[in-house]
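Since the structure comes first, as structure tokens, the remarks are kept for the end.
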Amino acid sequence: MGPTAAAHAEAEHVLLAIRGRAAHLTLNRPRALNALTHAMVRRIDEALTTWENDPAVETVVLTGAGERGLCAGGDIRAIHEDARTGGTASADFWRDEYRLNARIAHWPKPYVAVMDGIVMGGGVGISAHGNVRIVTERSRVAMPETGIGFVPDVGGTYLLSRAPGELGTHLALTGTPVGAADAILCGLADHYVPSRQLPALLGELSTSPVREALPHHTHEPPPPGELATHRDWIDHCYAADTVEEIVDRLLATGIQEAKQTAETLLTKSPTSLKVTLKAMRRARELPTLEEVLAQEYRISCASLTSPDLVEGIRAQVIDKDREPRWVPGTLEEVGDADVARFFGPTSGRETLFTPGS
């Protein structure tokens, strides 16, 4: 494939269209569950620049091609190769991706993210920072990074650190996917629209403002969630100061769901769990999304030199044996210095946002 053909193929991975009042971004890698590449991030950003300055565009609508979901996250096969070979492409990708996440959070027009089906990792970053976030009965929203030796990014620690009680800590550490009701409860989404009504809603947005069109499709309640009924033990257990104590508290409750959660945590990267807990606690104290994204960028760049990222992606995505061999292998072996290195400087690359940007 020549350079022109390759560029055309990359352009087709994000389809752009204007229908009446609404401009549409459609992620179009359905075989890869619309996983984000660097070229896709750039194309979305360029489209937003054009549409921000187009008075004819009143609303931007983000959807995913195919039947499985909006977006499964970043292209982690590419990240695996980059980490394995000591490259810098992932750091460059994250820089542009995180800037896009912040831009979406401050987008001056209605940004309607249709979070139908699977929405994970980078998919959360380009949807859950929007100002009109729609979930359906098919939505499964998650930040599953600790399972691949990584840490929630794309502003995920910002969003989850602001969820009620310790619900966000639970989701960040376990990577548990949530449905519509729980996504709304945790502040990851705003509105429930049954999937059968999405075509009518999207059609109406071409002729009507969001504030007029949306109420016509939000009458039904979402299917019941699960987190609210578990708030007592989640808030108690995850308020602990260390991951070890969280696990101990979960096991001591005598509650089957809590025991299963402890067992789930013990399958994740011990280093990722400890870094994630510290990142979440620090994100809670940082006042802006940009400051949290800068922290996440430092952590992400440090992860490229961690053996767990390469091993986690190998086990879950490349070889699919689902048996990662974490180093260190236990929580007790991960010391304070091991965690602290993820929060150190990254040769100046962590300066994501200049004053006034």
Side-chain angles (χ1 to χ4, degrees), residues 14-15 17 19 21-36 44 59-73 101 104-105 107 110-144 154-156 159-160 163-164 167-168 171 175-229:
V14 180
L15 303 178
R19 300 176 193 130
R21 297 169 176 253
H24 290 257
L25 289 162
T26 304
L27 307 182
N28 188 39
R29 294 183 71 207
R31 292 181 62 185
L33 227 169
N34 301 319
L36 292 173
I44 293 168
T59 304
V60 170
V61 181
L62 174 72
T63 56
E67 299 298 318
R68 297 166 63 200
L70 174 66
C71 176
N101 301 148
I104 290 168
W107 184 245
Y111 181 97
V112 180
V114 180
M115 301 170 71
D116 186 33
I118 292 172
V119 187
M120 295 185 178
V124 173
I126 59 169
S127 60
H129 295 296
N131 49 32
V132 184
R133 304 164 302 172
I134 293 169
V135 281
T136 75
E137 77 284 357
R138 301 188 298 208
S139 295
R140 303 299 290 165
V141 184
M143 296 298 296
V154 298
L159 294 165
L160 292 176
L167 294 180
L171 297 182
T176 301
V178 296
D182 286 334
I184 293 171
L185 171 64
C186 291
L188 301 173
D190 309 298
H191 308 281
Y192 172 72
V193 175
S195 59
R196 68 178 184 279
Q197 293 192 31
L198 289 177
L201 170 61
L202 298 186
E204 199 171 337
L205 289 176
S206 66
T207 58
S208 302
V210 175
R211 65 181 181 276
E212 295 177 9
L214 192 57
H216 300 160
H217 306 277
T218 55
H219 299 299
E220 295 182 33
E226 301 175 6
L227 291 179
T229 61

Q) For the atom pair OG1 (T176) and CG (L167), what is the distance rounded to the nearest 0.5 Å? A) 11.0 Å
Q | From CD1 (I184) to CE (M115), nearest 0.5 Å | A | 10.0 Å
Q. For the residue pair P215 and V210, what are the closest heavy atoms and their distance?
A. CD-O, 4.0 Å
Q) Above 12 or not: heavy atoms from other molecules or residues under 6.0 Å from CD of E226? A) no
Q. Is any side-chain heavy atom of L201 closer than 4.5 Å to a side-chain heavy atom of L214?
A. yes
Q: Mind checking the CG-CG spacing from L36 to L27? Nearest 0.5 Å is all I need.
A: 6.0 Å
Q.
Does L171 form a side-chain contact (heavy atoms from CB on, under 4.5 Å) with L227? I'd like the steps, not just the answer.
A. CA-CA 10 Å; L171 297 182; L227 291 179; 4.3 Å; yes
Q. Can any side-chain N or O of N34 pair as donor or acceptor with the backbone N or O of R29 at less than 3.5 Å?
A. yes
Q) L70 versus V114: any side-chain heavy-atom pair under 4.5 Å? A) no
Q) With side chains defined as the heavy atoms from C-beta onward, is the minimum distance between V154 and M143 less than 4.5 Å? A) yes
Q: Evaluate the criterion side-chain contact (heavy atoms from CB on, under 4.5 Å) for residue pair L62 and I104; output intermediate values, then yes/no.
A: CA-CA 11 Å; L62 174 72; I104 290 168; over 6 Å; no
Q: Please report the closest heavy-atom contact between G168 and A163, naming both atoms and the distance.
A: N-CB, 3.7 Å
Q.
I'd like to know if the side chain of T207 reaches the main chain of E204, judged simply by a donor and an acceptor atom lying under 3.5 Å from each other, with no hydrogens or angles considered.
A. yes
Q: Start with the C-alpha gap between Y111 and R133, add the side-chain angles, then the distance that decides, and say whether side-chain contact (heavy atoms from CB on, under 4.5 Å) holds.
A: CA-CA 8 Å; Y111 181 97; R133 304 164 302 172; over 6 Å; no
Q | Exercise: identify the closest heavy-atom pair between R31 and R68 | A | O-NH1, 4.0 Å
With a 3.5 Å cut-off and sequence neighbours excluded, list the donor-acceptor pairs that the side chains of residues 118-128 form with protein atoms.
residue : atom : partner : partner atom : Å
S127    : OG   : G123    : O            : 2.7
S127    : OG   : V124    : O            : 3.4

Q.
When you measure from the side chain of D116 to the backbone of R138, do you find a donor-acceptor pair of N or O atoms at a distance under 3.5 Å?
A. no
**Q.** Considering all heavy atoms, the nearest T26-G64 contact
**A.** CG2-C, 4.4 Å
Q) Rounded to the nearest 0.5 Å, what separation is found between the CD atom of Q197 and the CD1 atom of I134? A) 10.5 Å
Q.
To the nearest 0.5 Å, what is the distance between CG on L160 and CG on L188?
A. 5.5 Å
Q. How long is the span from the CG atom in N101 to the NE2 atom in H129, to the nearest 0.5 Å?
A. 5.0 Å
**Q.** Which atom of P223 lies closest to which atom of A181, heavy atoms considered
**A.** O-CB, 3.4 Å
Q: Check the pair H191 / V132 against side-chain contact (heavy atoms from CB on, under 4.5 Å), numbers first and verdict last.
A: CA-CA 8 Å; H191 308 281; V132 184; 4.1 Å; yes
Q: Please name the pair of heavy atoms, one in T136 and one in G117, separated by the smallest distance, quoted to 0.1 Å.
A: OG1-N, 4.3 Å
